[in-house]
Amino acid sequence: MKNGDLGIKTTTIEKALEWGSANSLWPLTMGLACCAIEMMATQAADLDIARFGSEIFRNSPRQSDLMIVAGTTTKRMAPRVKRVYEEMPYPKYVIAMGVCVIQGGPYVDGYSVVMGVDKVVPVDVYIPGCPPSPQALTYGIMTLQKKIKHETDR
Amino acid sequence: MAHYTELNIGPIHPAVHGILKFKVKLQEEIIEDVEITLGFLHRNAEKICELNYYADNMVYFDRMDYIDAMNMELGYLTAVEKLMDMEVPERAQWIRMIMAELNRLAARLVGLGAFGLDMGMLTPFFHCFIEREKIQKIFVEASGGRQEVNYMSIGGVYQDFNDQIINDIREFLKEFKPYLEDIYGMFMHSEIFWQRNDGIGILEPDVALDYGVTGPLLRGSGIAYDVRKDAPYLFYDKVNFNIPISHKKDNMGRFILKVEEMRQSIRIIEQSIDKIPDGPYFNNKAKKSMMLRLKGDGEVFSRVESENGEFGVYVRGNGTFKPWRVHVRSPAFKNISVVPVMAKGMMIADLIVIIGSVDTVIGEIDR
Amino acid sequence: MVATVKEIEIPKKPVPILGSLRTMGIVGKYMFKKPITTQYPEEKGEIPERFRYRIFLAPEACIGCTLCEQICPNHSIKMEKWDFKREDTEKLTIETAHGERTNLQNKRHIYPDVNFGTCTVCRQCEEICPTDAIYLTHEFENSRTRNSFTYSPEELTKQEQDVIK
Amino acid sequence: MYKIISESEDKNKIKIINIDKNDLIEFMEDYKSKGYYLSSITGVDMQDHLEVIYHIHNYDTHEYIEVKILTTDDKVPSLTKLWKAAKGDEREQYDLMGIIFEGHENLRRIVLPDEWVGHPLRKSYDLKKVQYINMDSEGKEHVSYNENEGW
């Protein structure tokens with residue numbers, strides 16, 4: 001359920017919902033390639049993203065509301081990414097991590113890589129870098145939280 | 001009458017270490033057959049390598065075995081430098097060796113952590129990543145990149161070691177040695193770990209050779225094959241180390257062997273860090289400016305020992321600035337092909353442990 | 001041969017319960033160590049000197065030689081016309097890796113335009129730049145909500161928060 | 001008896017043996033009995049013909065040998081009966097290079113979907129013609145040139 005779909009004009013409740021969903025983003029392990037290792041490093045002790053309410057990486061799309069697409073999405077993988085995205089319950093958010101999923105990255109010359117995962121699923125936050133450091137990923141998650149709370153637009 | 005169940009594992013499954021699909025044919029809980037589907041991470045690196053200049057391809061080799069980037073670069077560079085008759089200064093070779101071994105440690109740590117996760121052991125994962133983070137900090141100090149380092153280049157390494165890096169490596173090793181024993185202890189004193197691994201995933205040596213398996217998987221079957229010993233590259237013939245082998249042939253033996261290899265890697269680094277000579281870290285012939293435009297001619301097949309085994313690179317040049325053909329002999333590709341043999345007759349829960357023990361990296365299988 | 005082959009020793013199986021207690025002992029030891037988590041947004045942790053991320057440009061030093069464009073492995077850099085007013089180029093001295101350079105000129109007025117959406121941060125452009133005009137910085141906080149990562153030469157000189165997309 | 005056409009060395013001091021493709025099975029059988037194992041198969045597109053390169057390796061004598069054969073009609077005999085390692089390698093080379101290994105019992109594409117047109121590592125492969133992959137509800141993959149039919 002996106003903002004404004006409630007039917008009744010109850011801004012306080014919407015604010016509370018936004019606050020709730022922003023601070024309990026449960027990511028899905030969508031580790032496709034190199035960035036997955038940095039995603040694991042973000043989850044690990046050094047830069048524990050549990051501090052942001054992203055407590056654990058869920059392995060089931062039904063239990064998660066944030067999909068971090070970490071790594072190159074190939075053409076063969078794209079339909080599967082889409083299917084997993086469709087299986088996630090609303091409200092759902094997507095983070096594109098790494099340049100491969102932003103615009104194809106180093107594989108722009110190739111034949112089997114999707115030039116940007118936003119052609120497959122709608123993306124909320126893009127994190128450039130190859131691969132982005134765990135700090136950069138954490139900043140991306142903070143950007144998403146701000147976006148959910150309508151605090152940022154860049 | 002036999003009644004079969006078909007079960008799909010993957011492509012997105014936490015236990016397959018990446019994106020791979022296993023189609024398992026089950027009779028009750030016993031595995032009859034495993035069919036592997038590859039290609040979900042086929043990034044056409046070999047084709048792009050043909051379109052690029054020689055030195056630009058480092059980017060793609062970094063991302064093949066993405067947790068062992070230094071060894072991948074080394075595999076490509078040993079081939080290309082032979083192709084161009086380029087000599088590498090001694091200092092650069094020692095630096096490369098230290099970095100390759102450090103990265104082997106880092107890659108093993110990821111492997112061990114994920115192996116623990118497969119069995120529901122969450123604690124070793126965190127401890128492994130704490131240590132890996134320290135290695136990556138050394139990489140950043142040296143090269144500026146955390147994981148995909150792009151540190152080596154044709155004719156040497158991009159940036160020189162300074163005293164701080166050497167100190168940091170020494171300090172890291174001092175801390176790491178007891179830490180490794182602790183991580184090892186976390187696994188080895190656990191009964192569940194023993195019960196899930198002892199006698200599981202048996203790989204006979206003749207089967208392993210037939211399938212072209214290399215690396216810890218082959219050494220775990222009792223065949224002492226390591227490229228560092230077989231055809232020493234860099235200065236591996238100037239340092240003392242052991243090639244551990246195990247005749248136990250199962251997951252347990254392989255696990256102990258991997259940890260033993262890490263201890264040997266530490267030994268290599270300790271010896272080589274004292275031996276780094278002064279001098280240039282880059283071949284002047286390939287010195288910066290237009291170094292990336294070098295011609296290569298002829299053909300060469302070069303191999304190095306990566307974390308998964310023998311990583312071979314075949315490069316064919318035709319006298320121009322771009323390679324005519326680059327082909328990679330991927331160790332993980334061979335290793336994964338033996339999983340159906342190892343898993344046959346086992347329980348479905350054992351398949352997960354076997355995949356964890358084989359420890360593949362998909363980026364290198366599909367390329 | 002210096003490398004020797006050694007058969008590994010298989011340790012004994014742990015005694016039930018006692019083994020688990022030993023594991024708990026090992027793990028418990030770390031309870032009394034210093035916490036290692038970096039409290040990220042408040043403190044950035046120690047970033048080593050050579051860490052590289054977003055590309056910046058020093059327009060005074062750029063001579064428009066197009067070397068960075070040629071070297072980029074995935075064509076992220078394109079040269080673009082930009083009317084940058086330089087002042088006192090004759091007097092300007094810039095220290096580079098190859099010694100001091102004076103009298104820097106950019107007669108064609110072309111400057112690099114970087115698409116950070118494909119940049120792999122491989123640092124080849126920084127390596128090759130003869131005047132160190134293009135360089136990589138520690139600036140990593142550049143996630144966006146829009147897929148537009150093309151930095152014009154002018155934006156390459158600005159800090160991340162000033163680049164509005 | 002097989003006939004060795006010529007011998008040379010590559011730049012890494014690996015012996016290259018050129019043989020005729022009809023002698024391949026016989027040659028490999030001989031070397032298998034000497035204790036050699038298959039390490040890798042490489043196809044090289046030389047535009048007018050294809051080169052297939054086999055690297056074989058002896059674990060006891062530490063010897064690496066490169067065996068090279070030429071083919072003009074894309075067909076070479078399969079080695080799957082000798083070494084199981086050839087199964088995956090031959091499928092990969094068929095997929096990317098379009099070499100048809102005669103006698104391989106399961107010669108399908110391995111990294112690309114079955115319907116993919118062309119063999120990408122060929123020099124004549126047109127990179128500008130973009131192909132898209134879609135998947136139906138049963139998990140079967142379809143390839144098309146039309147962007148709208150992709151994923």
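Atoms considered below: every heavy atom in the structure, side chains included; atoms not considered: hydrogens, waters and symmetry mates. None of these values were measured; they are calculated from a predicted model. Here is how names work: the chains are called A, B, and so on, in the same order as the sequence lines, proteins then strands, and each is numbered from 1.
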Sort [X] into side chain, backbone, both or neither according to what part of it lies under 4.5 angstrom from a heavy atom of chain C.
X: B/Asp198; value: side chain
X: B/His247; value: both
X: B/Glu141; value: both
X: B/Arg63; value: side chain
X: B/Tyr60; value: side chain
X: B/Asn52; value: side chain
X: B/Ile165; value: side chain
X: B/Ser246; value: both

Query raised in the report: Would you call C/Pro11 and B/Ile256 a side-chain contact if the rule is heavy atoms closer than 4.5 Å?
Result: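 Yes, side chains in contact.
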
Query raised in the report: How about C/Arg50 and B/Gln159: do any of their side-chain heavy atoms sit closer than 4.5 Å?
Result: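 When only atoms from C-beta onward are counted, B/Gln159 and C/Arg50 do touch, with a gap below 4.5 Å.
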
Minimum heavy-atom distance [X]-[Y], with the two atoms named:
X: B/Gly253; Y: C/Ile10; result: CA-CD1, 4.4 Å
X: B/Val59; Y: C/Cys122; result: CG2-CB, 4.1 Å
X: C/Lys12; Y: B/Trp194; result: O-CZ2, 3.8 Å
X: C/Pro14; Y: B/His189; result: CB-O, 3.7 Å

Requested in this report: Return yes when atom NZ of B/Lys275 has more than 12 non-hydrogen atoms of other residues, nucleotides or ligands closer than 6.0 Å, and no otherwise.
Outcome: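 More than 12 heavy atoms, drawn from other residues, nucleotides or ligands, come within 6.0 Å of this atom.
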
Query raised in the report: Just wondering, more than 12 heavy atoms not from C/Arg22 lying within 6.0 Å of its CZ?
Result: no

Report task. Could you tell me which portion of C/Val5 (side chain, backbone, both or neither) has an atom closer than 4.5 angstrom to a non-hydrogen atom of chain B? Result -> both

Query - Contacting moiety of C/Ile8, where chain B heavy atoms sit under 4.5 Å - result: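 C/Ile8 touches chain B through backbone and side-chain heavy atoms alike.
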
Query - Centroid-centroid distance, C/Tyr30 to B/Tyr179, less than 6.0 Å - result: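 Here the rings of B/Tyr179 and C/Tyr30 have centres that are less than 6.0 Å from each other.
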
Query raised in the report: In terms of heavy-atom pairs under 4.5 Å, which option from C/Leu18, C/Val27, C/Val15 contacts chain B the most?
Result: C/Val27

Query raised in the report: Looking at C/Glu9, C/Glu46, C/Glu49, which has the largest count of heavy-atom pairs under 4.5 Å with chain B?
Result: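 Of the options given, most contacts go to C/Glu46.
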
Heavy-atom pair count under 4.5 Å with chain C, highest-scoring of [options]:
options: B/Gln264, B/Lys248, B/Met252, B/Glu260; value: B/Lys248
options: B/Gly145, B/Pro124, B/Gly222; value: B/Gly145
options: B/Ile130, B/Thr123, B/Asp226, B/Ile48; value: B/Ile130

Reported [atom1]-to-[atom2] distance for the pair [X] and [Y], which is rounded to 0.5 angstrom:
X: B/Glu181; Y: C/Ile26; atom1: CD; atom2: CD1; value: 10.0 Å
X: B/Ile243; Y: C/Lys6; atom1: CD1; atom2: NZ; value: 11.5 Å
X: B/Asp56; Y: C/Ile71; atom1: CG; atom2: CD1; value: 6.5 Å
X: B/Asn150; Y: C/Thr120; atom1: CG; atom2: OG1; value: 7.0 Å

Query raised in the report: Under 3.5 Å, side chain of B/Glu191 to main-chain N/O of C/Ile17, donor-acceptor pair present?
Result: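 Looks like yes, one N/O pair under 3.5 Å.
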
**Report entry** C/Arg52 side chain to B/Ser143 backbone, donor-acceptor under 3.5 Å
**Finding:** yes

